[in-house]
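First comes the structure, then the notes that go with it.
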Amino acid sequence: MAYTTDTIRNIAVCGHGDTGKTTLCEQILFNAGIIDKAETVDSGRTVSDFTDEEIEKKISIHSSLSNVIWKDKKINIFDTPGASDFVGEVVSSFRAAEAAVMLVGGRSGVQIETVKLWRRLDARNMPRIAFVNKMEKTRADFFTVLEELKDFKITAIPLTIPMGQAEEYQGVINLMSMKAYKKDGGGREENAIDIPEEYKEIAEEYHLKMIEMAAEGDDELTEKYFDQGTLSIEEAIKGLREGLFENRFVPVFCGSAVDNSGITPLMDFISLESPAPGRVEEPCITGEKSHMVSQDGDFSGIIFKTMIDKFAGKLSFIKVISGILKPGTEILNSREEKKEKINKIFLCEGKNLKETSEICAGDIAVITKSEFSKTNDTLCQANDVIHYKSLALPHPVYSLAINAEKQKEEDKMSAQLHKVAEEDLTFTIKYNEETKETVISGMGELHINTILEKLLKNFKINVNRRVPKVPYRETITIPSEAEYTHKKQSGGHGQYGKVCIRIKPLKRGEFFSLSNDIKGGSISKGYMPGIEKGLLEGMIEGYVAGYPLRDIAVSVFDGKEHPVDSSEMAFKLAAKHALKEAVAKSKPTLLEPIMDLTVLVEDQFLGDVLSDLSTKRGRVSNQSAIGGGIQSIEAQVPQGELMRYSIDLKSMTSGTGAFEVEFSHYDPVGGKIAQGIKASSNTAEA
């Protein structure tokens with residue numbers, strides 16, 4: 001059966017590590033009759049965690065897609081990783097989903113990744129539902145977690161509350177239907193019963209609170225509530241539906257995934273009240289009109305994820321934005337401007353693919369063996385070319401310089417890592433011409449280690465690792481001028497060119513400017529391209545420690561040419577040497593890259609992190625409490641001090657801290673630090 005846009009729901013299950021995301025997804029599949037038994041993560045047999053490295057490490061590394069039919073709705077479910085190192089997988093899932101289910105531990109509450117993921121959802125203005133899991137755990141407290149969620153400055157509305165907590169947890173009460181669901185120890189269905197007498201008072205209290213808060217979801221309902229003092233349950237649910245879509249508040253559920261408890265009310269709400277794809281507008285690149293998700297019109301879609309399967313080859317995960325996609329369709333890749341034919345279309349249940357005859361707008365599927373298409377590519381019809389906006393992926397924060405232990409395996413290593421980079425856009429591999437190093441970058445030590453372990457296991461390639469060289473730069477601090485005559489006679493035509501230049505510092509980040517201020521035609525204009533090439537070559541070679549020069553304005557104000565012996569090459573060499581002499585007079589200095597650093601850390605580790613930033617020459621610009629006992633620190637820190645920060649922060653915070661980093665600007669560096677950089681450069685050259 002092909003499901004239409006209004007009967008499809010796409011949700012991304014997300015949360016901090018060890019909050020039970022995979023277990024919840026497993027129980028949903030079990031309850032929907034997709035699998036016969038809900039497996040545990042430890043068993044290595046869950047639908048979501050199916051790769052060798054996930055089974056071995058017992059964590060989610062890749063986002064996994066499954067689907068269920070619930071209340072006559074097709075619900076596509078993404079199980080996403082909880083470790084920050086694999087956040088790229090979460091971002092791709094967010095792009096394809098209309099709503100997120102944020103899992104929060106009933107005992108652990110709001111944690112670092114909860115905050116980071118919440119911010120990502122805020123950046124997308126994406127509706128979310130909270131599920132407070134592990135209510136059976138010792139010291140679990142739903143109402144404490146509820147207060148922590150309010151720190152996000154958004155109204156959190158409980159739609160289920162627990163019957164007992166921790167060791168006394170018995171099940172949940174659905175505040176919409178005013179029915180209870182007792183945990184039954186592993187059965188497939190949660191059956192609604194009357195609310196036990198001892199919970200009727202608290203259920204009524206929170207039922208009335210729910211109606212009051214739900215009224216804020218719709219302006220007409222707000223007026224009616226003020227006029228009449230109450231709403232019908234149908235009106236309250238309408239308010240919840242609209243308020244969720246507008247992101248005015250967060251519905252909160254609770255339960256115990258491991259006990260298959262609290263899942264029925266959650267899934268009923270998702271199927272009936274969470275946003276359908278048809279209410280969502282898909283943004284295009286600048287200058288193009290955005291598209292509503294609709295099955296009307298020509299086909300278009302976006303590839304939001306790529307996987308390389310050792311048996312099936314390249315798998316392209318596509319969300320259809322408009323029209324219907326069928327096998328045999330010829331489509332255009334708008335980035336490549338090339339046509340491709342879609343041979344087969346598959347629905348996904350973890351690692352299992354099931355062929356289907358068509359998918360309509362809002363639905364998600366897999367196409368195989370695409371010739372050109374990559375993640376972020378738009379597929380459309382040639383008569384209506386579209387470019388949907390790319391995923392908002394974070395910048396890598398951890399880098400290593402690498403080489404294969406055996407020289408003969410260098411090309412093989414590079415080829416395999418480039419395949420990983422095609423699959424995982426938060427991983428990069430680049431050869432740095434300046435430092436003569438192959439540098440790989442990712443989201444953390446775990447991310448990089450997982451990739452290199454797979455390289456060793458599958459291809460027997462051992463890799464040497466080291467901290468990459470920092471891309472320092474050089475500049476000048478005062479104006480100066482110099483002249484240089486390149487003169488060479490070797491029989492026949494000689495080489496002659498004289499160049500007179502003035503140089504001065506530019507504002508940081510302006511790189512280079514060249515002006516021709518020659519009067520009287522002492523150098524023909526035809527030699528200016530050669531002069532410019534010589535200046536740029538000289539800038540690349542540097543002066544202080546061999547790092548490229550930048551932020552220099554050059555004025556060519558005089559010179560001399562020879563009617564026979566002058567050439568572009570002669571003026572290129574003259575300009576290069578003139579620059580070197582001028583820089584020597586301009587008090588050259590080293591520049592170091594400065595990074596914008598944001599650190600999220602629990603209160604108990606705040607002092608240690610601030611002290612460490614001070615030793616790293618960091619300048620803290622902002623520090624604020626963001627709820628849940630978590631502090632945000634914003635600082636600017638030299639890149640050279642952050643090359644091992646992923647490891648340092650993990651050590652300081654017992655693995656709980658998280659950070660993001662982005663290049664800001666270059667700053668001068670002097671004293672012992674500059675001396676150390678120069679000494680290091682001289683040693684490397686020797």
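We count residues from 1, following the sequence as given. All values below were derived from every heavy atom in this structure, side-chain atoms included, with hydrogens, water molecules and symmetry-related copies excluded.
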Is the backbone N or O of [Y] less than 3.5 Å from a side-chain atom of [X], with the two atoms forming a donor-acceptor pair by type?
{"X": "Arg120", "Y": "Val91", "answer": "no"}
{"X": "Thr356", "Y": "Ile345", "answer": "no"}
{"X": "Glu113", "Y": "Ala83", "answer": "no"}
{"X": "Thr375", "Y": "Thr306", "answer": "yes"}
{"X": "Asp85", "Y": "Leu446", "answer": "yes"}
{"X": "Glu592", "Y": "Pro638", "answer": "no"}
{"X": "Lys507", "Y": "Asp551", "answer": "no"}
{"X": "Ser294", "Y": "Ser322", "answer": "no"}
{"X": "Asp377", "Y": "Lys374", "answer": "yes"}
{"X": "Glu54", "Y": "Phe50", "answer": "yes"}

Side chains of residues 414-421: which donor-acceptor pairs under 3.5 Å do they make with residues two or more places apart or in other chains?
| from | atom 1 | to | atom 2 | distance (Å) |
| --- | --- | --- | --- | --- |
| Ser414 | OG | His418 | ND1 | 3.3 |
| His418 | ND1 | Ser414 | O | 2.8 |

Salt bridge or not for [X] and [Y], using N-O below 4.0 Å?
{"X": "Lys71", "Y": "Glu273", "result": "no"}
{"X": "Glu89", "Y": "Lys305", "result": "yes"}
{"X": "Lys338", "Y": "Glu371", "result": "no"}
{"X": "Arg119", "Y": "Glu660", "result": "no"}
{"X": "Arg128", "Y": "Asp122", "result": "yes"}

Item to check | Residue of the set Arg95, Lys389, Arg124, Lys289 for which salt bridge (Lys or Arg N to Asp or Glu O under 4.0 Å) holds with Glu282 | outcome: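 Result: among Arg95, Lys389, Arg124, Lys289, Arg95 is the only option passing the salt bridge (Lys or Arg N to Asp or Glu O under 4.0 Å) with Glu282.
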
For residues [X] and [Y], determine if any side-chain heavy atom of one lies less than 4.5 Å from a side-chain heavy atom of the other.
{"X": "Glu53", "Y": "His62", "answer": "yes"}
{"X": "Trp118", "Y": "Val250", "answer": "yes"}
{"X": "Met643", "Y": "Pro468", "answer": "yes"}
{"X": "Ser64", "Y": "Thr22", "answer": "no"}
{"X": "Leu103", "Y": "Val101", "answer": "yes"}
{"X": "Met102", "Y": "Cys14", "answer": "yes"}
{"X": "Tyr645", "Y": "Leu597", "answer": "yes"}
{"X": "Val13", "Y": "Phe131", "answer": "no"}

Next on the checklist: Checking Phe86 now: which residues fulfil ring pair (Phe, Tyr, Trp, His ring centres under 6.0 Å) with it, not counting sequence neighbours?
Outcome noted: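 Phe86 satisfies ring pair (Phe, Tyr, Trp, His ring centres under 6.0 Å) with His447 only.
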
Next on the checklist: Going by the rule ring pair (Phe, Tyr, Trp, His ring centres under 6.0 Å), which residues pair with His291 if we only count those two or more places apart in sequence or in a different chain?
Outcome noted: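 Expected list: Tyr388.
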
Checklist entry - Pick from Leu159, Val145, Ile157, Val132: which one makes a side-chain contact (heavy atoms from CB on, under 4.5 Å) with Val252? => result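 Of all the options given, the one that passes is Val132.
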
Next on the checklist: So, taking the atom named CD1 in Ile302 and the one named CG in Asn376, what distance separates them when rounded to the nearest 0.5 Å?
Outcome noted: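 Nearest 0.5 Å value for the CD1-CG distance: 6.0 Å.
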
Item to check | Rounded distance [0.5 Å steps], CD1 in Ile402 versus CG in Leu400 | outcome: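 Rounded to the nearest 0.5 Å, the CD1-CG separation comes out at 8.0 Å.
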
Item to check | Where Arg9 and Ala276 come nearest, the two heavy atoms and their spacing | outcome: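 Scanning both residues completely, I find the closest heavy atoms to be NH1-CB, 3.3 Å.
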
Next on the checklist: So, using salt bridge (charged side-chain N to carboxylate O under 4.0 Å, His left out) as the criterion, who are the partners of Glu340 when residues are at least two apart?
Outcome noted: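 Testing Glu340 for salt bridge (charged side-chain N to carboxylate O under 4.0 Å, His left out), a comparison that skips the adjacent residues, returns none.
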
Checklist entry - Considering residues at least two apart in sequence or located in another chain, which fulfil the salt bridge (charged side-chain N to carboxylate O under 4.0 Å, His left out) criterion with Asp309? => result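 Here no residue qualifies.
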
If we count only N and O atoms by modelled type, under 3.5 Å, do the side chains of [X] and [Y] hold a donor and an acceptor together?
{"X": "Asn432", "Y": "Glu437", "answer": "no"}
{"X": "Asn333", "Y": "Ser373", "answer": "yes"}
{"X": "Gln295", "Y": "Thr5", "answer": "yes"}

Checklist entry - Has Arg279 got its NZ or CZ under 6.0 Å from the middle of the six-membered ring of Phe245, at an angle within 45 degrees of the ring axis? => result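 Judged by the rule, Arg279 and Phe245 form a cation-pi pair.
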
Next on the checklist: Test: ring-ring contact (aromatic ring centres under 6.0 Å, His included). Region: residues 329-384. Which pairs qualify, not counting sequence neighbours?
Outcome noted: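 For residues 329-384: none.
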
